[in-house]
Structures are given as structure tokens and as C-alpha cells.
2 protein chains.
Amino acid sequence: MVQSRDAERTRSELIEVATEVFSEQGYSGARVDEIAERTRTTKRMIYYYFGGKEGLFLAVLEAAYRRIRDLEQNLHAGDLEPVDAIRRIAELTFDHHVDHPDFIRLVSVENIHRGRHMEKVESLRELGAPAATVLEDVLARGRASGELRADVDAVDVHMMISAYCVFQVANSATFGFLFGRDMLAPDVRERNRRILGDIVVGWLTAH
Amino acid sequence: MVQSRDAERTRSELIEVATEVFSEQGYSGARVDEIAERTRTTKRMIYYYFGGKEGLFLAVLEAAYRRIRDLEQNLHAGDLEPVDAIRRIAELTFDHHVDHPDFIRLVSVENIHRGRHMEKVESLRELGAPAATVLEDVLARGRASGELRADVDAVDVHMMISAYCVFQVANSATFGFLFGRDMLAPDVRERNRRILGDIVVGWLTAH
DNA sequence: CAATGTATGTACCGTTTCGTACATTAGCGA
DNA sequence: TCGCTAATGTACGAAACGGTACATACATTG
């Protein structure tokens, strides 16, 4: 293979392809040879840059979470009324999840392994904070005005939203099989998006 | 090993242990040798009874879903008022999920593989029906009395409840790591159980 | 333009892992 | 009790798989 050298491109291409393969096959199911074959480089580079299969997976996890965090920080719902802000956060989170199925599936894989890998990645600590603080602000304003209930915190709300959104992607195969509803179909997706907004608003405004 | 022969016990012990191992390690991560070692029989029996690793996984899936369905049919919330019935269904589903983490993790594993295995198990078709019909009944009564909103169906409600419950178990590792909240701790669990009820009731009664 | 370290390619090794051939034993019916 | 079949155990093979030794080419710098 006659091609100019580009360390950064080799690295990022490996991570990109590995993200796909790990999210398609799981950690153990992913094959180092397959990942290498799908890139324009060779297996050797995986060991050169990442030390091995696990190191590559760690790098994949880190890259995925970093992308997520960057997007989360662009939520800025500070200029909306609390109720509208809540709905908007829910809907953006929803879009975000269904637009990044690889990431969600990666999280599933990591959970199968009980988070054993992510514990090793220092940069992933305290990554949850941003998402929580945005919600905390909105909840505080809503409580002050009496529009939102006071007996739940930001983590409660975030968990609920995450649960609904993650489910759309992570469990579409089994749920679709059992209930004959394809959650990836555009119309269903649009409907579920609105439903999520209704759920969160209905929940938080009921008191 | 000098022990009396018992085909049924061998079979069921293999399925029991395989359920654990597959849910702990995923499909590819599970080792047939490890499964065999954890039982009182040998690897040979996996091939004798199930034909191979995949056949064993299929049997595990089938057994797990059958157990679930049996439990679901004992919901009988027919004698409660619609709003109370909804809350009760949500709470029982919640208990059910957190009490059977192996099953939930197995479902995650199967979703990683896009439901490829469960499609091969004939007996898993039309297994979603029971859960849906119970909800349909309650929703119909609630709509008639005007207590419950009319723009959602049983599958919508079931999806929401499932999403929240599955998340408790399937994503506890990553969520706990990122937000420092251990969803398996008894007090958190009890709190989330109540919150789920609030969410569903708040949602369905808001209109 | 030489020299040096980074980056890459090739071929191979040792182990793991699924699967199987073959032997053997327990129990049931005749 | 004898034989036959279902059930079980043992040992091993072939391929897959993660990883590495070694050779080499590129590019940057002095």
C-alpha cells in the first residue's frame, strides 16, 4: 500500500472504524483483524497507537463520550420559560440519541461489562456534571415560580429522559420484534419525541 | 463423577448457568468451557442437548422470556380504578425488572446482536401481546371515565414503563459512574419506584 | 544530504476456543 | 439377567484470534 504517512488520520480512522465494530459486535465479538481490515491501515497500528484491543476500546469510549459532552453543552435553554425549557431539553436529548446510535450501543456494551473499562479512563470522571447543571438551573427557576414540582432533582429528571431516549435505540430490536413497532421509523420516531415531551412536562407540572 | 443420570436436571442446570454467564459476559464473551465448568456436567452435554453455543443461547433466551411472560400474566389489575391500576402496573413492572437483572442483561445482549437470535425462536413470536392487553383494558376504562388521556395507546405506555425499568438495571454501571447515584441501592430503588408511578400517572392524567 | 526517530507493513507464534471422535456407563424393557 | 439405547465422560483437533518480532520506508532536522 503506497500512501503518504499521516499519523493523525491513521489514529482517527482506527477509532472511527473500531467504534462501528465494537458497537455492532460487542467487545468480545469485535475482532482486531476485522477492525484493521476495514481501515486503510493494518493491525500493527492498533498495537502501535493503542497498545492492544482493550486500549483501542478505551480510546473509542473516550472519543464517544467527548463528542456527547460537546453536544450537551450546546443545549443552552436558559432563555426559555421553565416548562418550555424542559420540553426543549427532552426533545434535543431525544434527537441527539437517535442520531448517534453507535454511541448508545457502545454504552450498552460497556454496561454488559459493568463499566469495567470506563473506570480506567480518567477523563471520563465528572463527565455527567454538565447535563445535570443545565437541568438544575431550569428546575430551580421552575420551583421558584411554582410551575414545577419540588420533590425531584436534576438527576431524577435526567435519568428519566435518558431512559426513554436510550431505550429507543438500545432496545429497538427486541421491542420491535415483540410489539411490531419500529421505533426507527420516522413517523414513530416523531411521535415518540412528542410523547417524551408530554411525559416530562406532565410529570413535572403535576403537583 | 459418580452420580445418577438425570437428563432433565442436566438440561436445566446448563440453562441456568448459561443464563448467568451470557448475561455477565455477552454472547461472544461467554465461553462454553466456562459454562460447562460451572455445572456438575461437562461441555459434551451442551452439544448433546443444544447442538452448540448458539443453540444454548437460544434455549436460554426462550426460558428467560417464558419466565417473564408467566409473571406478567399475574398482573391482574382489573379490579382497581384506572389511575390506581396504572400505578400498580408500573410498580409491579419495576419490581419485576430489578428482581431479574439477568433477564434484562440478556435482552441487552440480544439487542447488541440486533435480535438476530430471537428471530429463530418460534415460541417468542407474539409474546408481547399479554402485557399490552392488560394495559389496553385499563386505558379503555380510563378513557371512558375521562380520567386518562386518549391520545396514547397501550404500546406507548408499555414502552415508557419498560424504558424506565430497563434503564435501572441495564445502565446502572455507566449512569452510576457518571452521576454518582447507585440505582441498585435500596433507598434509591424505592425512590425511583415511586417516581415511576408519579411519572406515568402525571403523564396520563394530564389533559 | 546524512542521520535518526516515527510510522508502517509482513509474517509468524502461542493460546484460546468451539467443536467432535470415540469410549463408557447407567438404567430400562424384554 | 441380558442387551440396547439414552446419557455422559475424555481426549483431542482445527481454526480463530490476540499479539509480537523483525524489516523497512518516510520525513524531519541539523
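All chains are named by letter (A, B, ...) in the order of the sequence lines, taking the proteins before the strands, and each is independently numbered beginning at 1. Owing to the predicted nature of the structure, the values given are computational and were not obtained by experimental measurement.
Applying the 6.0 Å contact sphere to CZ of B:R141 captures more than 12 heavy atoms from other residues, nucleotides or ligands.
Within residues 109-117 of chain A, no residue approaches DNA chain D, by heavy-atom distance under 4.0 Å.
Rounding to whole angstrom units, CD of residue A:E37 and P of D:dG18 are separated by 12 Å. The CG atom of A:D6 sits 16 Å away from the C1' atom of D:dA25 (whole-angstrom rounding). Between the CZ atom of A:F50 and the P atom of C:dA7 there is a distance of 12 Å, rounded to whole Å. When the P atom of D:dA21 is taken as reference, atom OH of A:Y48 falls 15 Å away, rounded to whole Å. In this structure, A:M45 places its CE atom 17 Å from P of D:dG18, rounding to the nearest Å. The distance from atom CD1 of A:I46 to atom C1' of D:dT20 is 14 Å, rounded to the nearest whole Å. What separates CZ of B:R40 from P of D:dA7 is a distance of 17 Å, to the nearest Å. Rounded to a whole Å, the CD1 atom of A:I35 is 12 Å from the C1' atom of D:dC17.
In this structure, B:R44 contributes its side chain and B:T41 its backbone to no donor-acceptor pair below 3.5 Å. For B:N111 (side chain) and B:V107 (main-chain N/O), a donor-acceptor pair under 3.5 Å exists by modelled atom type.
The bend of the helix from C:dC1-D:dG30 to C:dA30-D:dT1, defined by the angle between the axes of its first five and last five pairs, stands at 10° to the nearest 10°.
A:T10 has no side-chain polar atom (N or O) that falls below the 4.0 Å cut-off from OP1 or OP2 of C:dA7. Put simply, A:T42 has a side-chain N or O that comes within less than 4.0 Å of OP1 or OP2 on C:dG9.
If you check the side chains of A:E110 and B:T174, you find no donor sitting under 3.5 Å from an acceptor. Side-chain contact check for B:D102 and B:T19: no donor-acceptor pair (N or O, by modelled atom type) lies under 3.5 Å. In the model, A:T39 has no side-chain atom that pairs as donor or acceptor with a side-chain atom of A:E13 under 3.5 Å.
Of the candidates B:I195, B:V201, B:L196, B:I195 is the only one forming a side-chain contact (heavy atoms from CB on, under 4.5 Å) with A:W203. Residue B:Q25 forms a side-chain hydrogen bond (donor to acceptor under 3.5 Å, both in side chains) with just one option from B:E34, B:R105, B:E20, and that option is B:E34.
Checked against the 6.0 Å centroid criterion, the rings of B:Y27 and B:H117 qualify as a close aromatic pair. The distance between the ring centers of B:F57 and B:F50 does not fall below 6.0 angstrom. In summary, the aromatic rings of A:F167 and B:Y164 are positioned with their centroids too far apart to meet the 6.0 Å limit.
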- Classify every nucleotide of nucleotides 17-23 of chain C by which part a protein heavy atom approaches to under 4.0 Å, writing B for the base, S for the sugar-phosphate alone and - for neither, in 5'-to-3' order. SBBBBB-
